[in-house]
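Here's the structure we're looking at; comments come further down.
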Amino acid sequence: MAAKRENRPFRSAPLYLRLDINQNMAKELPTRAEDYSQWYVDIVKKADLAENSDVRGCMIIKPYGYAIWEKMQQQLDKMFKETGHVNAYFPLFVPKSMFEAEEKNAEGFAKECAIVTHYRLKTDPNNKGKLIVDPEAKLEEELVVRPTSEAIIWNTYKKWVQSHRDLPILINQWANVVRWEMRTRLFLRTAEFLWQEGHTAHATSQDAEKETLQMLDVYADFIENFMAVPVIKGKKSDGEKFPGAIDTYCIEALMQDGKALQAGTSHFLGQNFAKAFNVQYSNKEGKLEYVWGTSWGVSTRLIGGLIMAHSDDDGLILPPKLAPIHVVVVPIFKNEEELNKVTVAVEPMLKELRSMGLSVKFDNRETHKPGFKFAEYEMKGVPVRIAIGPRDLENGTIEVARRDTKEKRVMKYGDASREIPMLLDEIQKNLYARALKLRADRTTYVDSFKQFKEVLDGKGGFILAHWDGTPETEARIKDETKATVRCIPLDAKEEAGTCVYSGKLSMRRVLFARAY
RNA sequence: CGGGGCGUAGCGCAGCCCGGUAGCGCGCCACGUUCGGGACGUGGAGGUCGUAGGUUCGAAUCCUGCCGCCCCGACCA
């Protein structure tokens, strides 16, 4: 039997496309309307992106999910390099005393830190085959598992910076961090997650502020043009900003259920960390000055956002620019002879599409029927599917189906190499347009607290309303409605008004929403 | 940390109230028929019933402790 199979051309998809190791491809998904959060969890599992691990709050990112992360990484990394950054790597462990140095930062993260206290186990004398922590192996100083790396990085920058000639330092790192969250959700909030964190040091406040906003723009560019999700750029209120930052800028995206997702943050750190870690340089006049800093990051949470922004009741929908597989080709056949014919016929097209840089999977598994495969790739969000069978061979045609609209059409075989790239482009644009329309439909200008609550409990979404700017009002609104100030949009117009809660004077509308 | 729920085959669950040696669906394996939207038939494999102890002739089932997970709340850069 093995010999019989070996003779078949294209018996297996290339290894790099074999991302389909899930054997439990399930049938039905709850609809978004029925149960949005169950729908989300089911997509993550059924599209084979990730699963819960045996460690509470942690997830196993499966090959298909990780492939999406790799696409994101590739593109972001390219954009970081284009803006002058280089990659480096700093340790996972931060000595507690170092972590404490920037007081606000330490306080802000203290409640969710994992701590290493010992460095050795030993066999349990009272319980054969079991291990216990060796009390002899207690660390003199505990190590904090990084929830973010400012401390260890600024402690290092201290050694790297003496002169203005040493600046700026423009470093990014791809890493994992741990935040011991009380409640977790796959991709959106996990105890351990993957991210990138940029940490830069500058001679002047202006340079650092410019960097902060530049990276915010890079994120917005990436999320809009690659993830096809429109974002609102803004500044966080004091209550929501990063501990240790002077200003936190963010981008906020709207999900299909009307909740907001913070998709990335960029912090202007001022001289807070430079002072905490004593990072000083001699300026051109020979005077010592503290360095100015920034930090910025996006995480695997973006994958959660990607899912929630576009997908439908049949499964995941991926924008072509981030899809691990752009096109899947499903042969229709009754027997080996027919499969061989289809395979021979389809080969030049596969070659040509691949030569254009497209990731094309030819799924010639004989173990599943076409209908099963159609459903499977729909669940996995592959943007374009081509079906080709005996009927097509006679007519010189292929059947092309697009995932975003589920439209199918028949085209001439020879047109594929021209039409498919155009179609992928159109899908990318359509997803963005759709998401933009959703956001427009779900953004409401609100002028009273009554209306504020009605909108939240009705269609949800973004609310643009006046706010008096005080933390007290923000907290009360949060208590009463669970909505928070997502950001003060950068493009907010000056407009005199009164706070929807307190009635006090406000000069601009801010963005409110319930958020993930 | 407070309130609730749940741990039985790879996954989802029934069985527990009323104790008698474990079952269903999906998946998996084999063969045959199928194959243009999630095929079907026949046969088969697979379980320390979370864990430790107690009651009993006998425990998945009753009792106690422990562990873990999920949901709600608190919390969440």
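Since we're looking at a predicted model, the values are computed, not measured.
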Watson-Crick or G-U wobble partner for [N], using a 3.5 Å limit on both distances?
N      : result
A30(B) : U42(B)
C76(B) : none
G68(B) : C6(B)
C16(B) : none
U55(B) : none
C11(B) : G25(B)
G47(B) : none
G36(B) : none

| Considering all heavy atoms of both residues, which atom of F99(A) and which atom of C113(A) are nearest to each other, and what is their separation? |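 That closest heavy-atom pairing would be CZ-SG, 3.8 Å.
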
Say you pick atom [atom1] in [N] and the same atom in [M]; how far apart are they, in whole Å?
N      : M      : atom1 : answer
G3(B)  : A14(B) : P     : 25 Å
U55(B) : G65(B) : C1'   : 15 Å
U8(B)  : G12(B) : P     : 8 Å
C13(B) : C70(B) : P     : 14 Å
G10(B) : C29(B) : P     : 15 Å
G5(B)  : G46(B) : P     : 37 Å
C62(B) : G15(B) : C1'   : 16 Å
C6(B)  : A74(B) : P     : 24 Å

The reported gap from CD in E472(A) to OH in Y501(A) (rounded to nearest 0.5 angstrom) is 11.5 Å

Taking the six-membered ring for Trp, are [X] and [Y] parallel (under 30°), tilted (30 to 60°) or perpendicular (over 60°)?
X       : Y       : result
W467(A) : F512(A) : perpendicular
H85(A)  : W296(A) : perpendicular
F193(A) : W195(A) : perpendicular

How long is the line joining [atom1] of [X] and [atom2] of [N], in whole Å?
X       : N      : atom1 : atom2 : answer
K236(A) : A77(B) : NZ    : P     : 9 Å
H368(A) : C40(B) : NE2   : P     : 14 Å
K62(A)  : C11(B) : NZ    : C1'   : 11 Å
N52(A)  : G12(B) : CG    : P     : 11 Å
D42(A)  : G12(B) : CG    : P     : 11 Å
E150(A) : A77(B) : CD    : P     : 15 Å
K45(A)  : G10(B) : NZ    : P     : 17 Å
N335(A) : U33(B) : CG    : P     : 12 Å

State whether the side chain of D314(A) and the backbone N or O of E378(A) hold a donor-acceptor pair below 3.5 Å, judged by distance alone. no

Would you classify [X] as touching base, sugar-phosphate or nothing, given that sugar-phosphate means primed atoms plus P, OP1 and OP2, and contacts are heavy atoms under 4.0 Å?
X       : answer
P370(A) : sugar-phosphate
D392(A) : base
R385(A) : base

[options]: which one has an atom nearest the side-chain heavy atoms of [X]?
X       : options                : answer
P390(A) : G36(B), G37(B), C76(B) : G36(B)
R179(A) : G36(B), A77(B), G38(B) : A77(B)
I332(A) : G38(B), A77(B), G36(B) : G36(B)
A387(A) : A77(B), G36(B), G37(B) : G36(B)
E399(A) : G36(B), A77(B), G38(B) : G36(B)
K369(A) : G36(B), G38(B), G37(B) : G36(B)

query: Is any side-chain N or O of K482(A) closer than 4.0 Å to OP1 or OP2 of G73(B)?
result: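 For G73(B), OP1/OP2 do have a side-chain N/O of K482(A) under 4.0 Å.
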
Which residue, K478(A) or G57(A), contacts RNA chain B at a nucleotide closer to its 5' end, judged by nearest heavy atom?
->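 Comparing both residues, the 5'-ward one is G57(A).
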
Between I398(A) and T265(A), the residue closer to the 5' end of RNA chain B by nearest nucleotide is I398(A)

| query | Can you find a donor-acceptor pair, distance only, under 3.5 Å between E378(A) side chain and G37(B) base? | reply |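 Under the 3.5 Å cut-off, the side chain and the base do form a donor-acceptor pair.
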
Item to complete: Look at the side chain of K408(A) against the base of G37(B) and say whether a donor-acceptor pair falls under 3.5 Å; ignore hydrogens and angles.
Response: yes

For F374(A), is the NZ or CZ atom of R385(A) found under 6.0 angstrom from the centre of its six-membered ring and inside 45 degrees of the ring axis? yes

With a distance cut-off below 6.0 Å to the six-membered ring centre and an angular limit of 45° from the axis, does K380(A) pair with Y64(A) as a cation-pi contact? yes

